[in-house]
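Written below as structure tokens is the structure these notes are about.
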Amino acid sequence: MNKLAHEDSVALLDRDMAAKNLSGYWRLGMEGLPPYPMTSVQPCLWKWADVHESLLRAGEVISLENSERRVVRLVNPGLDQKHAFATHTIQISFQYVKPGENARAHRHTPAALRFVVQGNGAYTTVNGQQCVMEPGDLILTPKLTWHDHSNDSNEPMLWLDGLDFPLVTALHQVMQERYPARRQPIEKSSEDVMAQGGASAAEFFHYKWRDTEKKLRALANSSTAQDRFDGYLLEFRDPLTNGPTMTTMQCAVQLLPAAAETEAHRHTSTVIYHAFRGKGATEIGERRFEWEQGDSFVVPLWYAHRHRNRSSSDEAILFSMSDAPMLKALDLYRAEF
Ligand SMILES: [Fe+2]
Ligand SMILES: [Fe+2]
């Protein structure tokens, strides 16, 4: 068969197969699969000034009567804009609840966490447990736990929301239910749960900044605890299992001493960072992103990255969320340096 006749026969076969919902492997070409994992997620940084301004403007025009939440989502320019996600697995957004407001109770299959950025005294209620929020607090609302947010204080409350929404969307598992009342009844406080210790580990949702900071400082005072790639890194662990923060997300805070520089490495997990204190710079692949308090940035999978504290006198603290637990569960986690 000559070349043209052969191409015609293949095209005819492809067309006939397509009509029967079939497709030939030969259509993928001869390049094969890439030698390392590839992503369309792009390294990206969002300035706090932009996020903050958008939240305040939303506060003027969006009420909690016509939007279930007043949330501004960070969007990655490398992803399909239809879903507006920051990475392909974890979403990062910021939420604003004004004094006197309540964001109604609901629950859903995406797991969520809150890292408090600004304000004091508002609270999230998780399965009847009141978690009063202060800056630096981490509050978990695992899959299908009822949660609502109330601000009975007289100051604006702003926090970071992290969700495994993109992953749950990719798995076609998204669902949500509304609680029958706007607020769920409060049965106990997270302070009570913390005071009870081990017995209540199964309902531990609230990591107070005062405890996190104490542990982080103790770590930073031990010279052997410094990690080549992450400075002094403290992971939030599930007290019941000592495993990851949640099944899909690992949260951490890391302290970079004044003028510290880490070494470069890369891994198959994707990490979202939020600058909680200080200022620094992170090299991601060929690019360098300068950050300061309030900024957020994404390190996509398999991009080499290293951090630097840009201050010669002050420490910097980063909060981060990584999809490593799900990759480890699927045997897809790998790191290289
Ligand atoms: Fe929610
Ligand atoms: Fe890393």
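First listed ligand is number 1; within each ligand, the first listed atom is number 1.
Between Arg178 and Glu68, at least one side-chain nitrogen of the basic residue sits less than 4.0 Å from a carboxylate oxygen of the acidic one, meeting the salt-bridge criterion. The pair Arg182-Glu65 counts as a salt bridge, with a side-chain nitrogen and a carboxylate oxygen less than 4.0 angstrom apart.
Geometry at the Fe ion (ligand 2): NE2/His305 and NE2/His267 form an angle of 90°, nearest 10 degrees. Between the NE2 atom of His106 and the NE2 atom of His108, the angle centred on the Fe ion (ligand 1) amounts to 100° when rounded to 10°.
Cation-pi check for Arg334 over Trp302 is met; the charged atom lies under 6.0 angstrom from the ring centroid and within 45 degrees of its normal.
Counting just the N/O/S atoms of His147, the one with the shortest distance to the Fe ion (ligand 1) is named NE2.
Between Phe115 and Phe319, the ring planes lie parallel to each other; the angle is under 30°, not in the 30° to 60° tilted range.
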